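Report on the following structure.
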Amino acid sequence: MTDSRLIEPTPGEEQGSALTPWPTGADAGIDFIASLHADVCEELADLAQRCITGYSDDRPVSASLVRSRLTNALTGAPPVLAVARDGRKVTGWCAVRLPEPGEQKARLWGPVVDPAVRRAGLGRRLLQTVVEAVEWPLVTTDVPIDRDGATDFFARSGWEVLDTITVLHGAPADGVFAAVTAADIGEPEAYVSAAARRFAGLEESFAASTWLRWRDDARFHPETLLLDPPTGSLLLALAQENATHSELLLAEVWAADEGARRRLIAQAHILAGARQVTTVRAVTRQDPADFVAHGMRVTGRCRTFTLPGERCAPGFR
């Protein structure tokens with residue numbers, strides 16, 4: 001998925017020794033959290049929301065979204081999660097979501113650091129803590145280029161750029177919604193699996209689990225997974241809202257040709273209007289021209305990083 005963008009690194013940080021509490025203030029330290037209970041998810045979501053506000057990846061973040069993105073969809077395994085506290089206040093966190101069966105790498109989320117304590121080494125210490133605690137190759141979630149020091153943080157830490165992602169924003173549209181959705185057909189799992197093999201190049205077993213992995217996302221609804229049955233194409237749209245903002249994220253567009261791709265994008269904007277969300281956001285690794293043709297504007301770019309020698313094989317997303 002391209003829907004997970006919570007990174008807030010800290011530039012100019014010092015090296016630290018993993019698995020040891022480091023001071024960020026009086027009585028502060030880093031500890032591993034074994035389970036994602038409700039209070040923890042609320043704290044992680046609150047800090048993540050504050051860290052992304054005003055940047056190109058700004059979007060609603062909820063406790064349910066944090067839980068669903070950090071927990072394995074297929075196995076239910078919790079993440080490797082390091083949390084820094086100053087007293088009872090969470091000042092930073094960093095997590096690794098374990099690989100799903102068929103995945104080649106674990107996904108790094110963070111480090112997310114409270115703006116009030118940045119530039120004191122906490123981000124680097126959180127990162128080192130989780131990296132040294134896991135045995136899997138790692139790939140980051142999307143790191144916004146427009147966030148001060150974010151991409152430099154990973155570059156200085158020895159990570160290499162794996163991919164570049166374009167972020168676009170647009171407005172909901174009026175019109176007649178005419179797309180088929182996953183709620184309208186029988187066996188949507190088979191449809192999605194076939195699209196995953198054909199358009200995303202996923203191997204058989206991992207493609208077969210795509211529906212289950214998508215369904216575990218707190219933003220997922222069958223009614224927002226748009227299909228184009230004549231071509232086997234699809235568009236994964238994810239709806240999310242909080243007290244002040246709502247959006248429809250166009251997370252994946254797997255299409256047989258430009259015509260199917262543009263039909264699905266147009267229908268997604270009409271769906272956004274029907275759902276009365278305030279913003280349509282898209283993330284894509286491909287040429288963004290089809291999104292721009294529907295009035296969307298490029299608002300930022302992100303990069304994903306991996307450690308040297310850990311580049312993904314084709315088909316890993």
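Quantities reported herein were computed from a predicted structural model and do not represent experimental measurements. All values below come from the heavy atoms of this structure, side chains included, with hydrogens, waters and symmetry mates left out.
- For the pair Ser68 (side chain) and Asp217 (backbone), a donor-acceptor distance under 3.5 Å is absent.
- Taking both residues in full, the closest heavy atoms of Leu126 and Ala82 are given as CD2-O, 3.8 Å, listed atom of the first, atom of the second, then distance.
- Ion pairing of Arg281 with Glu247 is present here, as a side-chain N (NZ or NE/NH1/NH2) and a carboxylate O approach within less than 4.0 Å.
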- Item | Working for side-chain hydrogen bond (donor to acceptor under 3.5 Å, both in side chains), residues Thr129 and Arg125 | CA-CA 6 Å; Thr129 297; Arg125 293 160 183 167; over 6 Å; no
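- In this structure, the side chain of Tyr191 engages the main chain of Ser233 through a donor-acceptor pair within 3.5 Å.
- Side-chain atoms of Thr53 come within 3.5 Å of backbone atoms of Gln49 as a donor-acceptor pair (strictly under, hydrogens ignored).
- Put simply, CG on Leu271 and CG on Leu264 are 11.5 Å apart, with the number rounded to the nearest 0.5 Å.
- The side-chain heavy atoms of Leu138 and Arg107, taken from C-beta on, include no pair separated by under 4.5 Å.
- Listed for the Thr278 side chain is a donor-acceptor partner under 3.5 Å among the backbone atoms of Ser246.
- Follow the hydrophobic side-chain contacts under 4.5 Å out from Ile145 and you never reach Val167; the two are in separate clusters.
- Using a 4.0 Å cut-off between charged nitrogen and carboxylate oxygen, Arg213 and Glu100 do not count as a salt-bridge pair.
- Taking CZ of Arg69 as the start and SG of Cys41 as the end, the distance is 12.5 Å to the nearest 0.5 Å.
- Side-chain polar atoms of Arg261 and Gln286 form a donor-acceptor pair below 3.5 angstrom.
- In this structure, Phe177 and Leu226 have side chains that are in contact, with non-hydrogen atoms separated by less than 4.5 Å.
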- Item | Working for side-chain contact (heavy atoms from CB on, under 4.5 Å), residues Arg275 and His221 | CA-CA 12 Å; Arg275 295 182 70 95; His221 300 279; 4.0 Å; yes
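- Residues Asp114 and Lys89 are paired through a salt bridge, judged by an N-O separation under 4.0 Å between the basic side chain and the carboxylate.
- Shown here are the side-chain contact (heavy atoms from CB on, under 4.5 Å) partners of Ala282, two or more places apart in sequence or in another chain: Leu168, Leu250, Phe291, Met296.
- Side chains of Thr284 and Val253 form no contact here, defined as non-hydrogen atoms less than 4.5 Å apart.
- Using a 4.5 Å cut-off on side-chain heavy atoms (C-beta onward), Arg50 and Asp46 make contact.
- Arg124 and Ser157 share a donor-acceptor pair across their side chains, judged by distance under 3.5 Å alone.
- Remark: the backbone N or O of Ala237 is paired with a side-chain donor or acceptor of Thr224 at under 3.5 angstrom.
- The backbone N or O of Ala190 lies less than 3.5 Å from no partner atom in the side chain of Glu187, so there is not a single donor-acceptor pair.
- Using a cutoff of 4.0 Å between basic side-chain nitrogens and carboxylate oxygens, Arg303 and Asp142 are not scored as salt-bridged.
- With rounding to the nearest 0.5 Å, the separation of CD in Glu103 from CG in Leu202 is 10.0 Å.
- A side-chain donor from one of Thr299 and His169 sits under 3.5 Å from a side-chain acceptor of the other.
- Shortest non-hydrogen contact noted between Val40 and Leu36 is CG1-CD2, 4.2 Å.
- Side-chain contact between Trp214 and Glu252 is present, with heavy atoms from C-beta onward closer than 4.5 Å.
- Under the 30°/60° scheme for interplanar angles, the aromatic rings of Phe154 and Phe305 are found to lie parallel.
- Under a 3.5 Å cut-off, the side chain of Ser62 and the backbone N or O of Leu65 do form a donor-acceptor pair.
- Residues Phe32 and Ala133 approach most closely at CZ-CB, 3.7 Å, considering heavy atoms.
- No side-chain heavy atom of Trp93 sits less than 4.5 Å from a side-chain heavy atom of Glu43.
- Between His269 and His294, the ring-plane angle classifies as parallel under the 30° and 60° cut-offs.
- Judged purely by atom type and a 3.5 angstrom limit, Asn72 has no side-chain atom pairing as donor or acceptor with the backbone of Arg97.
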- Message: Test side-chain contact (heavy atoms from CB on, under 4.5 Å) on Leu127 and Leu108; report intermediate values, then the result.
- Response: CA-CA 9 Å; Leu127 178 63; Leu108 175 75; 3.6 Å; yes
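- When every heavy atom of Pro60 is checked against every heavy atom of His245, the shortest pair comes out as CD-CD2, 3.4 Å.
- Under a 3.5 Å cut-off, the side chain of Glu258 and the backbone N or O of Asp290 do not form any donor-acceptor pair.
- When all heavy atoms of Asp228 and Ala260 are compared, the pair lying nearest together is OD2-CB, 3.6 Å.
- Put simply, CD1 on Ile30 and OG1 on Thr91 are 8.0 Å apart, with the number rounded to the nearest 0.5 Å.
- With Thr210 contributing its side chain and Val192 its backbone, the two residues share no donor-acceptor pair below 3.5 Å.
- You'll find the side chain of Pro188 reaches within 4.5 Å of the side chain of Ile185, heavy atoms only.
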- Please test Val61 against Val66 for side-chain contact (heavy atoms from CB on, under 4.5 Å), starting from the C-alpha separation and ending with a verdict. CA-CA 7 Å; Val61 179; Val66 168; 4.0 Å; yes
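- The shortest side-chain heavy-atom distance between Pro172 and Val277 falls under the 4.5 Å cut-off.
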- Message: I'd like to know whether Val143 forms a side-chain contact (heavy atoms from CB on, under 4.5 Å) with Thr304, so could you lay out the CA-CA distance, the side-chain angles of the two residues, the decisive distance to 0.1 Å, and finally the verdict.
- Response: CA-CA 6 Å; Val143 183; Thr304 57; over 6 Å; no
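- Heavy-atom minimum distance, Ala196 versus Trp254: CA-CZ3, 3.4 Å.
- Rounded to the nearest 0.5 angstrom, Thr140 OG1 and Trp109 CH2 are separated by 10.5 Å.
- To the nearest 0.5 angstrom, Thr181 atom OG1 is 12.0 Å from Leu235 atom CG.
- With 3.5 Å as the limit, one finds no donor-acceptor pair spanning the side chains of Glu160 and Thr306.
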